[in-house]
Structures are given as structure tokens and as C-alpha cells.
Number of protein chains: 2
Amino acid sequence: MKYPPSLVALIRELSRLPGIGPKSAQRLAFHLFEQPREDIERLSSALLEAKRDLHTCPICFNITDADVCDVCSDPSRDRTLICVVEEPGDVIAIERSGEYQGLYHVLHGVISPMNGVGPERLYIKPLLPRLSEAREVILATGTTVEGEATALYLQRLIEPLGVTVSRIAYGLPVGGALEYADEVTLGRALSGRQTIANRGPAK
Amino acid sequence: MKYPPSLVALIRELSRLPGIGPKSAQRLAFHLFEQPREDIERLSSALLEAKRDLHTCPICFNITDADVCDVCSDPSRDRTLICVVEEPGDVIAIERSGEYQGLYHVLHGVISPMNGVGPERLYIKPLLPRLSEAREVILATGTTVEGEATALYLQRLIEPLGVTVSRIAYGLPVGGALEYADEVTLGRALSGRQTIANRGPAK
């Protein structure tokens, strides 16, 4: 007795998702089999529509369905502040803290030589032209080894350009991913940030 | 700043999957966003095709893409033996053990009063007409509380009909779900099964 081919295909596709092994994929497939057709169609359409509608903002590389994302197109935001984060989920996490009124820049990853990810694989290059308008760049990558290395790399890159570079304060539990921090901790970490280089013009 | 609606929809649909909370759904959605369009289309089609092609076998209620499943339509299987399991995944697990040559009957669940699942919610009724051909029914529900309760319920239902009822042997670690047992343990458990009622005609 063998699995029908369409079940095998579904299990294979599901097991490609991060954190879902072959056993979980099998469980998920059987669960999906038991669901009404409408639910499956809704999930399937949600996947296609998300892929169709969503893209990265051409300025900050956050996920958006508009030409330019909500933050970049908001005239009330402080355009002289740029907060650099690893992933789009980090933007949401910081927005939820309510402590930040500047712009963002999403790297879509961290420098990680172990995984073969160098600076050229991240959206670091498009950050440079944005710095002409900036008074301060806040490095809000995670406090993991990779997040720290990425922050150090960016600090060394941006410092010589005469822009104030700051690092999000260690109110975060060290070693944790930014996305999982609670709003209060994230807010404190933002307001308690420390200047690590200030060679720009006096404020 | 808010999530775009199609991202919200995708996260909502993903978080309906079992074992995937809102945080995991968000991570999955961001992961999917980074994948090439072809991968998303393949996953989406796999979902729709599985739903279109697959249904339960009208005899044993295993998952199949044929009119009648591979096991029920195989003339070499012993049609006087019926092994009752909770889920379609259990059929695959038992087939992998290579110890069993009879037929199956998939309940699609267990009796669980805590979750409001009574016997009428399972495929128990269609098992009864199949018993006229059967010499022995093997109860291979899990050794969880619900699995045991379901086995007891079926034993009391089938015993008066003069069919031998046996329970899969406790070679399984007690308290575990059948699906996760290894092949050898499952094979031993099947071959070491104990008769719990034999009021039928002598073999």
C-alpha cells in the first residue's frame, strides 16, 4: 500500500516549510484532508494573493502592498532617523512598542559566514544613498552573534560617513531574537539607546 | 503602520493549522514571502490537487485517490481480518511494519468526551456490516486514554456479534500515539496480540 501521489506531493511541499519535518508534514496533510474544501481554497488563495500583492518597499525593503510602504509614505515620520532591522517582523515589533517615529531599513537577514551569508546578500547597499538625509542610524539587529556582527559591520561602514550611529539598548535579554521581545522591553531598549559614534555635525 | 491585508489573510489562514500559533504563522508567512513564485504556486496547487483527488475509501475509510483503496482492492489480502485504527497515518505505519496482511478500518478519530467526540462522530457504523465476513477484528487504536476507551467501546459492541476481538499487544510504549511507534515495535505488537473475546464458532 502506498500513499496516493497527490498526498505525497502535498506532504513534500509542506515539509519544505521551516520547522516542519516529514512527520509534521504528514500530520498537517491528514489534518488538511479532513477540512472542508472552502478552507483549503481559502488557504490556497491566501498564498497566491499574498505572493501577488506583496513586495518589498523600494525605499526601506519592508513588506508592503503599496508602491511605497506605510512608514516611508507617512509625512509625519522623522525622516532623519533610520532604524535598521533584520526582518519585516521586526518593524511590526518596534511599531507595537510605540516608542519610535522614524523610518526603517530592513536588511532581510544577518551576516552569517556559517550559513554563507555575506553583506552582499543583504539590502545594505541601498541603505547608503538614504544616509544623506539621515541624522542618526539606529542599529536594531538582534543581540545574537550574527546580529552583533551585522551591527558592527554597519557601524564601521556608516561611521566614516559622518552620521551618528547608535545601537538599540541592551534592555533586550542578550542572545534573544528581536521579534520575540515584549513591547515594554523593546520600547525601553529604543529610548535607552547609546551613541557609539558621533562625528556628524552638532545637533 | 499595519500589515497589508493579504499578509494578514495569509497569517490568519496559516495560524488555523494545528500546532501553528500566531507567531509561527507570522514567521511562516515571512518565509513564504521570500520564496520564489513557483514554490508558492506548487504549494498552492498541491493543496488544491490533494483536496480534489483524495477521498476516503467507501469500504475502510482510508485515504485514497481510487474508487476503492489499494488494500481493499488487493485480492491477496486476508479479508477475514480487520484492523481498526484511528487515523489514515496509522495504516501507513502498520503497513511499514510488514507484519499484517488483513484489511483495515479507519475511524477518523477516537471517542473523547472531553472534546465532545462521541462514537457517532467516528466511522463505527459502517464497520458493522463488514463484520459478517470477518473472523477477527484487531483493535489497533492508540494506547492513550481515548484510544483505550475507544477500544473498550468497540470490544463491547463487536463481542456479542460472535467475532473474535483482539487488542494490539502492549509492545507499544503505553501513553504514546500509534503513529510514532517504530516498525519493529509495531510489528511485535501486532504479532503478540491477545484475544480478549472469542465467542465465535471454533476456527
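By convention in this document, chain letters (A, B, ...) are assigned in the order of the sequence lines, proteins followed by strands, and residues within each chain are numbered from 1.
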Neighbour count >12 (heavy atoms, 6.0 Å) for atom CG, Asp67(B): no
Asp74(B) atom CG: more than 12 heavy-atom contacts under 6.0 Å: yes
Rounded distance [0.5 Å steps], CG in Leu7(A) versus CD1 in Ile63(B): 5.5 Å
Note, Leu47(B) side chain near Leu47(A) side chain (heavy atom, < 4.5 Å): yes
Nearest-0.5 Å distance, NZ of residue Lys51(A) to CZ of residue Phe33(B): 6.5 Å
Side-chain touch Ser6(A)/Leu54(B), heavy atoms, less than 4.5 angstrom: yes
Best-contacting candidate, Arg42(B), Glu49(B), Glu34(B), against chain A by heavy atom pairs under 4.5 angstrom: Arg42(B)
Contact residues of residues 12-28 of chain A (partner chain B; heavy-atom separation under 4.5 angstrom): Glu13(A), Leu14(A), Arg16(A), Leu17(A), Pro18(A), Ile20(A), Lys23(A), Gln26(A), Arg27(A), Leu28(A)
Option that, when pairs with chain A are counted at under 4.5 Å, heavy atom only, ranks first among Ser45(B), Ala9(B), Ala46(B): Ala46(B)
Interface residue of largest heavy-atom contact number with chain B, from Ile40(A), Asp53(A), Leu32(A), under 4.5 Å: Ile40(A)
Heavy-atom pairs under 4.5 Å with chain A, option from Thr64(B), Thr56(B), Asp65(B), Val8(B) with the top count: Asp65(B)
Side-chain touch His31(B)/Glu87(A), heavy atoms, less than 4.5 angstrom: no
Heavy atoms from other residues, nucleotides or ligands near CZ of Arg156(A) exceed 12 (cutoff 6.0 Å): no
Note, His108(A) side chain near Phe30(B) side chain (heavy atom, < 4.5 Å): no
Qualifying side-chain hydrogen bond (donor to acceptor under 3.5 Å, both in side chains) pairs with a residue from residues 114-129 of chain B, counting only residues at least two apart or across chains: Ser112(B)-Asn115(B)
